[in-house]
Every structure is written in C-alpha cells, then in structure tokens.
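Working notes, structure below.
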Amino acid sequence: MIDLNSLNPPQKEAVLHTEGPLLVLAGAGSGKTRVLTYRIAHLIENGVMPWHILAITFTNKAAREMLERVRKLAGEAAEDCWISTFHSCCARILRRDIEKLGYKRQFAIYDEDDKMSVIKSLCKEKALSEKEFPPKLIRSAISDAKNKMLSPEDWLREEGNSARTRAIFEVYQGYEHTLKANNALDFDDLILKTLELLAENPPVLEYYRDKFRYILVDEYQDTNLAQYELVRLLTGERHNLCVVGDDDQSIYGWRGADIRNILEFEKDFPDTHTIKLEQNYRSTGNILDAANQVIAHNEGRKEKELWTEAEAGEPITLYDALDERDEAAYIANMARRRQEMGTRPGEIAVLYRTNGQSRVIEEAFVRAGETYRVYGGLKFYDRKEVKDLIAYMRCLVNPDDDVSTRRIINEPKRSIGESTVERLANYAQANEMSLLSAALDYENAGLTARARTSVAMFAELMIDLTEVLYSGTPSEFLQAVLDRTGYLKQFTEVKNEENEARLENISELQGAVTEYEQQNPQGGVTDFLENVALVTDLDNMNETGGAITLMTLHSAKGLEFDCVFLAGMEETIFPISRAMFDDNQMEEERRLCYVGITRAKKKLFMTHARTRMLYNNRQANQISRFVSEIPTRLIQGGRAGGAMRIPPAAPGLKARQSYDRRPAANAGSLGIPGVQKGFGGGSAPAQPTQNLFSVGDRVMHRMFGPGTVMELAGTGNAQRARIKFDSGTERIFAVNAAPILKMRK
DNA sequence: GGTCTGCAGCTTTTT
DNA sequence: GCTGCAGACC
C-alpha cells in the first residue's frame, strides 16, 4: 500500500487526478519524479493493468530510474508498464509493424555520422560545393524540417523556391530515398514513421490506443512538434494524459523542442486541469534564491516562484581563476575539501557548457588522484574500431545498409579501392540492388580481373558470416567477425600504445555484447544494435558510486548532487558566443544556467577563468552575465585557502602547458565583492630558479592587457622586467610578484 | 590501390 | 591543438 501522506497537497492532487488531461508545472526539485512514480503506482494499486500505462521520459537514464522507483512502490507489476524514451518506444512499435510502411523489420537506425556520409555523397553526386553548402547545415536543415513534420516538398514551399533552397531540397529528397533504399531510419524518423504507421493503419492505432490507456510524459517542455502529435494521436478520445514539465527548464530548442507545447497545452486540451508544484525540496535557500534571480531575467515564462522551507545554507562560492588550469586545480582541490567534510564523491558534480572543457578538469583530477567519471563527450561507440565492427554487424543484419557496407568493404584493407566500389555502386544502382548484393554478384558487375578476385573473397567472407549470424549468438557472431576478417591483425602487428588501446576497446565491445546477451537472453544481433543506437553511452555506465561526475549542463538535467561546480562562467563560454545576438538563444542559455544552479542541493561553486585557451588561442573573457544576475549577498567572500599552484604536468599526463605561470599577488577585482582570487593571493612560493622571461616575450597583465618585455634586470626571484603594453603604457615589475602571464608566441 | 603529408576547419548542447 | 581530407607519391 503506497503512502500518499508523504506528498504535499498539490503533489497528492496530481497523483489522484487520474482521469482527463493533467498539466503539472513542476519547478526544479519540486518532486516531479516522485509525483510521476507515485501516480503510476497509484494507478496500478487502483486496478489499472500495468500494461495499460505508458510513461515517456527524455533519457534512458531517467527511464531506468523511474522504473526502479515504481518497482519499489508497486513491485513486479512495474515491469509490465512501458517506461521508456520516445525513441525506444517508437523503435519498439516499429519493429512490430514497420513492414506496413514498406520497410523491413531489421531496419537500421542511422546516427549523425551515417547521416553525414549519406548527405556528403549526395552533395558530391549533385556537384554541390561543400563551401557553399556545408553538409552540416544541410543536415540541420533536414532535421529541422523533420522536427516540424515537413516533407521535402513542404519544406521547399515554406522556405521559398530559390536556387539555394532548391539544392537543399534535392539533397533532402535524395536523403529520404537513400534511407528508404538502405532500409534505415534516422532518429527523427523513429518518431515520424511511427506517426505515419499509426495514422495510416487504423487497426494498429486502435491497438495502441487501447493498450495505452494512461499516458504520462516527463520533461514535456522538451518535446517537439512530432512528438507532441504522437502523444496526441495515442491519447485519442480518452484524454488520460498527464504531462509534467517546467518551461524554465526547456533547453532543447535547438533540437526542435517547442516550448509552445507546454505553454499552449491548456488550449489543446480544453478540459485540462493544471497543478503547479512550487515547493522545492532539493536545494538550500541561497541556491534557490540565486536560481530564481537568474531566471527572473527571462521574459515570456509562466509565472512561478520556487520556495523552500530549508534554511539558507552555505553561500555560493565564486572563484576567480587565472586561467583554465587554475580553475581546474581549484575544482579538484575543493572537491577534495568537500569530501574531507563528509560529502561522498558520488554526490559531487562538475558541470560545464561544452564537452571540450572537460579535458583540463580531468587532468587536474588525475593529478589530484581523484576518481571521476566523464559522461558524454567521445562516446565508446564512436571509436573507429568499434564502429567498424558494428558496421559488420549492421550490414549483415540489414544487407540493404550501403552506408555500413561501404564502411567495411575495404576494412581491413583487402584491395577493394575507391574505383572498384564505384563500379559496384553503379552496377547496384542500375539493377536496383544493394551494394552488398552487387558484391555478391561480382562476376557480372563489370570489374577488372584483379578487383574481381578481391571482391570474390569479400563475398565469400560475407556469406560465411551470414551463416554464423543465423546460427550463433551475438557474441559468437562478433568473434567470427574478428576471426574471419583478420581485423585484429592490423593492431597486433605493431605494438604501441594506440594499438593497445584499440584492442582494449574491442575487448570492451565483446564485453558489452556478452553482457547484453546475459541480460537479454532472447535478444539477437538486431536487438543489440538497437540498443547501441538508442541506449548509447552514459546509460550503460554503472551507478556513479564512488566517483565524481563530470558532464555537460545538458546531460545534468534531471539529476541532483549535494555539491555542484559550474565551471567556465564566462561570456562566450556560458552564455556561448553564438547566443550573444539572439534573444531567444540567450534565454535558452539562461534556462540552462537555471538548470545548472538547481542541480545543487547543499553547496554551489561557480568558477570562471580570466584567460582561457580556446581553439589554440588564449582569450580573456568577461565574467558571465549570469553571475552578475545573482545578488552579491548570496555570494561568498573569503579565500580559497590552500595554494592552488599546479606543479608542471607529469610527462605521462599529456597536459599541455602553453605558458609559464607565476603566482599572482594583489589580484585585481572584477567589481564583484568577495570574489576569491587566483592562487590564494600569492601565497604560493615562486618556484623556478631560472629566468622565466626574456626580452621580446609577449605577456599578459591583469590590468594592462597584452604587452612586450623590453628589458630585464636581475635573475630568479629578484628579476624585474620593463614591459611596454600595447596600450602604450610602460611599467617595471618584479616578475615573480606581478600578475603577469607569459604568452605563447 | 595504398600511404604519407600538409592544411583547413573546428566545438554547443543529445535521442 | 586535433581531425579529416585532398593531393602527391610509391
């Protein structure tokens, strides 16, 4: 029996209001997941069959967590609910019935890379220059169009017919043809094709409408038009739809998420009951206050103000770092300090705007001997050797998949070059067959004698492997691929670090396949591949357990930690430069900041660096406007304490030190009271004994900006330098005390 | 057909 | 500073 008394009145209301459309506007940390899980458990307890419940979340991680929590409340019955992401849910529906749309059941799911290669080859075919039509731009145009449910023709109509749009239109059209011919869907198609399937097949629609009598959608603010339509279609007349969201946490506008879906829900479902959850149970007062203040700078939001009964707690700590390495060292140091104060490492997170920022922070953690875990970034399944092996699996499961066939036809090298592939491709096109079929038909494909031999061997190999595919388990199949292609040979012949790493990745892939097999005994290679495409990277990671978490602000959504670091609080980093001139994008950045702040339960650190290496360029950024939007009363003064000085990188660390570092005294103020200063105000001893500067060196000074060393006197700690700044000013400094950085030439 | 080298472009964020 | 690609050379 679940106990509803642990819920506050609006939460309880949301759980009990089971019939009819329900909109729950749930601020950050207001117990949204709690409401959803209790609601599901409550439904089950009141006689709703679990298989009549569909709960959609935004990430796999969230889905798993929700399932876990429902299981705790409702027991085994939870297993019979569908709790999944939009994309997995659609893939599941499509695996069953996609043949009705003229696809085959073993359809492939294309990732961004696959899409790119399709687009690039189409551009080539149509002789479009990559300068004038960057494939990336075309890719996003196509994705935008799909998110808005526009066919190529619709899109052209909307955009207007010009030479330019016409060209993109043709690529879009060709792209659709190619994917269909390859029996492949991209991420957007998963939603669109499901919609199509349901819209065109009344019995199928009826089946799912009857099946899903209660639908719940989490993170509703992040749904796009297609997803919204899908939900609406599935809901049917029953209208037992409960959506939970927070317009202030909409951070996927760039992916087609349409905030209007939440703002206009009440219009779309006139009998909607709306409940607001405004009491925050997560953060202490100061953190919540800061979050409220920041988000208040946005316009066009649903008015709400989070409040808490919790005490004010610790103030927010802002650290003013000299550069990104100082910032990283500070974070590592403070993370250590918090642990000494009793915080478990799994309760600490470092959040940043772009994945690229993680590297320096990782290096600092390595140096500090800290265990950490990076989410996102370069994904396991993106590594070349892993992709190659996956491509073997893909093209044997789905022989229409020319993209995968192309990838492995000469991998490892088997003397099938560009021209041979082109010949095969032409033959395939002329005979409306797949590239793989053309290879199997090598005798008639018009190849040179030499090429014919190579292709014949390839064809043999593929036939062999197909047999294993149908007779063996996925892991046996992968083993066969490795054995019979000689794929490993290229990495075992020469022993070096890189090859070791690749071999390790391959073992890891084998491990992943085996693990998948154990967890899904009835699953075949097709299921494994679907898992690879949809469940990707981080979801497969074990519980954060004992490690500090590093991730982007985007992936942090929905999570919470006792102690959070927001790194890189600088203009052009966060907010990111491209949002500077677009009000909508700027508001989205601000929402992202709001998301970041509200991840913290007890302690929030913000850091920014005065100069930062970006694109091989050292730049000095202003402190982020978001920091200035937080009242100074919430921000702590005081010192960082221990010296932050970083020893030179150990040789094995691969850390790049691009300039020499001096301890700084009397760090300047940025006009924000109580800002902690870099290097603990010069408490670190000046270490080097040899001269750091020489005449002609370019340097950067806190206040005076860039300049050139004109003259030097003395050595070591006593060295003084006359510096002429670009602004015209000339000064003499005691080198080891002045806030000067030597810049790389 | 394979391999090496030098250069351009690049980083938002993710299912 | 890294990656991917084009062009040159074997």
Side-chain angles (χ1 to χ4, degrees), chain A residues 56-63 84-91 109-113 115-117 120 124 130-131 134-136 140 143 146-147 185-191 219 222-224 226-227 250-257 351-360 375-379 382 384 410-422 448 450-451 454 490 530-539 551-558 568 572-580 582 585 588-589 591-593 595-596 613-618 654-658 744:
Chain A
I56 293 179
T57 60
F58 204 66
T59 64
N60 297 295
K61 205 189 305 171
S84 74
T85 63
F86 268 110
H87 294 87
S88 323
C89 167
C90 288
I109 300 172
Y110 275 6
D111 65 15
E112 297 306 298
D113 266 15
K115 283 161 92 166
M116 274 307 244
S117 45
K120 277 185 183 167
K124 215 174 216 172
E130 294 205 358
K131 277 243 160 56
K136 280 197 150 179
S140 70
S143 194
K146 288 190 173 190
N147 287 152
L185 304 187
D186 63 22
F187 276 107
D188 305 318
D189 286 337
L190 287 172
I191 315 290
E219 306 283 12
D222 289 325
T223 53
N224 62 34
Q227 291 165 334
S250 161
I251 54 176
Y252 284 98
W254 53 275
R255 218 174 74 186
L351 310 181
Y352 34 78
R353 179 66 237 267
T354 63
N355 281 305
Q357 289 166 254
S358 76
R359 203 195 68 217
V360 187
Y375 286 77
L378 346 111
K379 287 165 201 145
D382 282 347
K384 183 186 175 298
N410 197 30
E411 188 65 59
K413 298 278 175 282
R414 50 173 74 90
S415 299
I416 303 177
E418 190 63 26
S419 52
T420 305
V421 175
E422 278 322 304
T448 62
R450 214 169 95 189
S454 330
Q490 48 183 324
E530 182 174 312
N531 196 61
V532 169
L534 296 178
V535 182
T536 52
D537 53 328
L538 22 148
D539 310 298
M551 59 167 68
T552 62
L553 287 149
H554 280 89
S555 24
K557 197 177 62 157
T572 75
I573 302 289
F574 188 35
I576 203 155
S577 49
R578 50 204 298 158
M580 292 296 170
D582 181 321
Q585 283 188 49
E588 183 150 315
E589 292 289 302
R591 291 193 291 269
L592 192 55
C593 181
V595 167
M613 201 66 161
L614 207 67
Y615 313 132
N616 199 25
N617 211 329
R618 185 151 289 279
K654 259 179 102 185
R656 276 138 293 225
Q657 205 171 16
S658 43
R744 229 164 137 253

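Being a predicted model, the structure only gives us computed values, none of them experimental. Quick note: numbers below take in every heavy atom, side chains included, and nothing from hydrogens, waters or symmetry partners. Lettering of chains follows the sequences in order, A, B, ..., and the numbering in each one begins at 1.
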Query - Under 5.5 Å and under 30°: A:Tyr252 stacked on B:dT14 - result: no
Requested in this report: Using a heavy-atom cut-off of under 4.0 Å over every strand shown, decide if A:Asn410 touches base, sugar-phosphate, or nothing.
Outcome: sugar-phosphate
Query raised in the report: Salt bridge check: are A:Arg578 and A:Glu589 linked by an N-O gap of less than 4.0 Å?
Result: no
Report task. Write down the distance between CZ (A:Phe58) and P (B:dT14), rounded to a whole number of angstrom. Result -> 10 Å
Query raised in the report: Whole Å only: how far is the CD1 atom of A:Ile191 from the P atom of B:dT15?
Result: 13 Å
Requested in this report: Would you mind reading off the distance between A:Leu592 atom CG and B:dT13 atom P, rounded to a whole angstrom?
Outcome: 11 Å
Query raised in the report: Does A:Ser555 put a side-chain nitrogen or oxygen below 4.0 Å from OP1 or OP2 of B:dT13?
Result: no
Requested in this report: Please report, rounded to the nearest Å, how far the P atom of B:dG1 is from the CD atom of A:Glu422.
Outcome: 11 Å
**Report entry** Closest to side chain of A:Lys120, choosing from B:dT14, B:dG1, C:dC5
**Finding:** C:dC5
Report summary line: From CG of A:Leu553 across to P of B:dT14 the rounded distance in Å is 10 Å
Query - Short side-chain N/O contact from A:Lys384 to OP1 or OP2 of C:dT3, under 4.0 Å - result: no
**Report entry** N/O (side chain, A:Ser88) to phosphate O (OP1/OP2, B:dT15) under 4.0 Å
**Finding:** no
Requested in this report: Would you mind reading off the distance between A:Lys115 atom NZ and B:dT15 atom P, rounded to a whole angstrom?
Outcome: 13 Å
**Report entry** Which residue lies more 5' along DNA chain B, comparing A:Lys136 with A:Arg255 via nearest heavy atoms
**Finding:** A:Lys136
Report task. Supply the atom-to-atom distance A:Leu351 CG to A:Cys593 SG, rounded to the nearest 0.5 angstrom. Result -> 10.5 Å
Query raised in the report: Would you find more than 12 non-hydrogen atoms of other residues, nucleotides or ligands less than 6.0 Å from A:Lys384 atom NZ?
Result: yes
Query raised in the report: Does a side chain donor of either A:Ser143 or A:Ser140 reach within less than 3.5 Å of an acceptor in the other side chain?
Result: no
Query raised in the report: Can a side chain N or O of A:Asn224 be found less than 4.0 Å away from OP1 or OP2 on B:dT15?
Result: no
Requested in this report: Give one of base, sugar-phosphate or nothing for A:Ser419, where a contact means two heavy atoms less than 4.0 Å apart.
Outcome: sugar-phosphate
Query raised in the report: So what does A:Ser577 touch, heavy atoms closer than 4.0 Å: a base, only the sugar-phosphate, or nothing?
Result: nothing
Query raised in the report: Separation of A:Leu351 atom CG from B:dT14 atom C1', in whole Å?
Result: 16 Å
Report task. Let me know, please, whether A:His554 or A:Thr448 comes out on the 5' side of the other along DNA chain B by nearest nucleotide. Result -> A:Thr448
Query raised in the report: Side chains of A:Thr354 and A:Gln357: donor-acceptor distance under 3.5 Å anywhere?
Result: yes
Report task. Taking the six-membered ring of A:Tyr375 (Phe, Tyr or Trp), confirm whether the NZ or CZ of A:Lys61 is under 6.0 Å from its centre and within 45° of its axis. Result -> yes
Report summary line: Side-chain atoms of A:Thr420 come closest, of B:dT15, B:dT13, B:dG1, to B:dG1
Report summary line: Taken to the nearest whole Å, CG/A:Asn355 to C1'/B:dC10 is 14 Å
Requested in this report: Indicate, with a heavy-atom threshold strictly under 4.0 Å, whether A:Glu112 touches base, sugar-phosphate, or nothing.
Outcome: base
